Amino acid sequence: MRWSTAFIPTLKEDPADAEVISHKLLVRAGMIRQVSRGIYDYLPLALRVIRKIETIVREELDRAGAQELLLPIASPAELWQESGRWELYGKDLLRFKDRHERDFCLGPTHEEVITDLVRRVVRSYRELPLNLYQIQTKFRDEVRPRFGLMRGREFIMKDAYSFHADMEDCRREYQNMFDTYKRIFTRCGLKFRPVEADTGAIGGSLSHEFQVLAESGEDAIVSCGSCDYAANVQKAEVKPHRPSARDLKDSSPPLRKVATPDKKSVAEVANFLSLPPEKFVKTIVYKVDGSELVAALVRGDHEINELKLRATLHREEVILADEAEVEKATGVAPGFLGPIGLKLRILADRAVQGMRGAVTGANEINAHYVDVDQERDFTPSAFADLRMAVAGEPCPRCEQGRLESYRGIEVGQVFYLGKKYSETMAATYLDPEGRERAMEMGCYGIGISRLLAAAIEQNHDENGIIWPLAIAPLQILLLPINYKEERIQNVTNELYRDLLKRGLEVLLDDRDERPGVKFKDGDLIGIPLRVILGAKGLEKGRLEVRQRRDGKTEEISVEKAAEAIQAMIAEALKA
RNA sequence: CGGGGCGUGGCUCAGCUUGGUAGAGCGCACGGUUCGGGACCGUGAAGUCGGUGGUUCAAAUCCACUCGCCCCGACCA
């Protein structure tokens, strides 16, 4: 590839609308351009990276026994109505009508479509298991697309779906995909961590996310310093709390009501009363499945985890009650709510159990109780793990470990779905006894375009991108200092042809630009190996090879250059 | 959906408060000098000032509406 004729529109300055580094660098390196919010053109260099990632994904999935197919991007409403997601999926699902006024949507994911296919084909346990995947553009009309390719509306995804006769086989495939994902991300040259995850809108009961570790990540994850426990904070368990002996022995002063005019939040009241937030009990009212109101209690310095609340209640939908609903049910505005005398079902986080000298709302405007003693003054219907885990607390799985927190970019997720879709959509088969049974399913996604951004978030410096060799758009940058000079041009061209003949991927910077411009552009687009051909070196029959990542440079002879470079690439790819 | 910000040559921005016929740097074209980390000199092309409507003798500038883009939030009392 010759730079002079390539479509690589680099920019000297950061684009005005980019915030995160991967977005800035992708645009500056001439790899993407925005078309609309969350929608981008992929220019040639970006597409090359995408193809590389896709190739790795295909090789590993094929090796793991999955088969590639391609499903349509538009699907009819009927399938989504059948699974119930036409209603449930909400506005992220981009809907439209065809010329016959029939409802369609752009696929945000393909459980319905694939399940429909498989149920129409598979009849017998003999045809199972199956693992089918595709690499395709998805569309989710995100509330707030942001950060370039990290959260786009249109994005490229690999999605795989597996079908099994029984749970054991499905679990086996889950593990198979888990291991395959580890190989894929390792081959892509990324630092990542698999973590336990919530199943979200996709559904199911077991899930891991693969998080690329990066400060700019949207997800908070925690992991144990001494064992291999790691989880998304959404999912992370909290070690069961035991009230300390001292807490239990202290006698508490009597309950008192104090005036707290206009002080609603824990921070406000804590400041007003000069008490630390951990002495507070927050009372939060939720509407469960659209009707019942339930109060949840967590300590003032903790955050409630709604996913845990939902799981504890065994209900589908748990949303915060609005102010009017709360007032109607309790007679008081949120901000002054407390468990004492509250006429609602109350669930409490374990950390609330046995609290003494606590502060709660008084269920009366502008008033709070102090010196609240949980055991003496109120009894929730149950104690459960309801809060977010935080860094520094004990590991829920091992004795000595403490949790550390990180930021991550989710680039893959594996789900055990069970029969969620096969039952609602009647994807059944006949077992050896001739009984009709619903298939067990799993699904497995990788955000290809997001992976591109994540790789940059993790691999860049002040000068630009530093591609891991395995996914670099090209492997070698040939940089003649003065290409117009005949001798340099001849040597460069010869080396270029030789490298191409050896099957290497080479970008030849044959532009009539000053060296500084070429160096800057080269660093920006991040090609791993840079070969510099300058007049001084060539006089001695030598050229320079420089690593983009660490700047390490070595001189090699021109005659052996192609062979030496090929060896360097081969060596690096092996590592 | 709520809050904030921005929209002016290809890019990054100034000009707007206080209305008077549009600027800079980079990029681009041409000529010359240069040539190992974003050169220098000269010449030049390029902008319906996001759109619509209004106020005014006069609007990039003031007003209204609208479209687009960015950021924060959109559930923790």
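Protein chains get the first letters and strands the later ones, always in sequence-line order, with residue 1 at the start of each. Keep in mind that this is a model prediction, so the values were computed, not measured.
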Test item: side-chain donor near acceptor, A/Glu306 and A/Tyr286, under 3.5 Å: yes
Counterpart base for B/U34, defined by Watson-Crick or G-U wobble contacts under 3.5 Å: none
A/Gln34 (side chain) and B/C69 (base): donor-acceptor pair under 3.5 Å: no
Minimum-distance nucleotide (side-chain atoms of A/Glu19 versus B/G36, B/G25, B/C71): B/C71
Touch class at under 4.0 angstrom, heavy-atom based, for A/Ser36 against every strand present: sugar-phosphate
Pair assignment for B/G19, Watson-Crick or G-U wobble, requiring both distances under 3.5 Å: none
Base partner of B/C6, which must satisfy Watson-Crick or wobble distances under 3.5 Å: B/G68
Options B/C71, B/C70, B/C11, nucleotide nearest the side-chain atoms of A/Phe147: B/C71
Selection from B/C75, B/C26, B/C76 that lies nearest to any side-chain heavy atom of A/Tyr286: B/C75
Touch class at under 4.0 angstrom, heavy-atom based, for A/Leu337 against every strand present: nothing
Nearest-Å distance once atom P is located in both B/G7 and B/C16: 13 Å
Sugar-phosphate only, base, or nothing, as touched by A/Arg37 at under 4.0 Å among non-hydrogen atoms: sugar-phosphate
Sugar-phosphate, base or nothing in reach of A/Arg33, heavy atoms under 4.0 Å: nothing
Interatomic spacing from CD in A/Glu505 to CG in A/Leu469 - rounded to 0.5 Å: 8.5 Å
From B/C35, B/C72, B/A74, nucleotide with atom closest to A/Pro515 side chain: B/C35
Pair of N/O donor and acceptor under 3.5 Å linking B/G3 base with A/Arg144 side chain: no
B/U52 to B/G15 separation - P atoms, rounded to the nearest Å: 25 Å
Sugar-phosphate only, base, or nothing, as touched by A/Glu544 at under 4.0 Å among non-hydrogen atoms: base
Touch class at under 4.0 angstrom, heavy-atom based, for A/Asp521 against every strand present: base
Sugar-phosphate only, base, or nothing, as touched by A/Arg387 at under 4.0 Å among non-hydrogen atoms: nothing
Under 3.5 Å on both distances, the Watson-Crick or G-U partner of B/C75: none
Touch class at under 4.0 angstrom, heavy-atom based, for A/Val298 against every strand present: nothing
A/Tyr40/A/His23 aromatic ring centres below 6.0 Å: yes
Gap separating the CG atom of A/Leu25 from the CG atom of A/Asn459, nearest 0.5 angstrom: 11.5 Å
Position toward the 5' end of RNA chain B (nearest nucleotide), A/Ala16 or A/Ala267: A/Ala16
Pair assignment for B/U61, Watson-Crick or G-U wobble, requiring both distances under 3.5 Å: none
Pair partner, B/A46 [Watson-Crick or wobble, under 3.5 Å]: none
Spacing of A/Arg28 atom CZ and A/Ile465 atom CD1 [to the nearest 0.5 Å]: 9.5 Å
Donor-acceptor pair between A/Tyr406 and A/Glu404 side chains, under 3.5 angstrom: yes
Sugar-phosphate, base or nothing in reach of A/Pro9, heavy atoms under 4.0 Å: nothing
Pair of N/O donor and acceptor under 3.5 Å linking B/G37 base with A/Asp523 side chain: yes
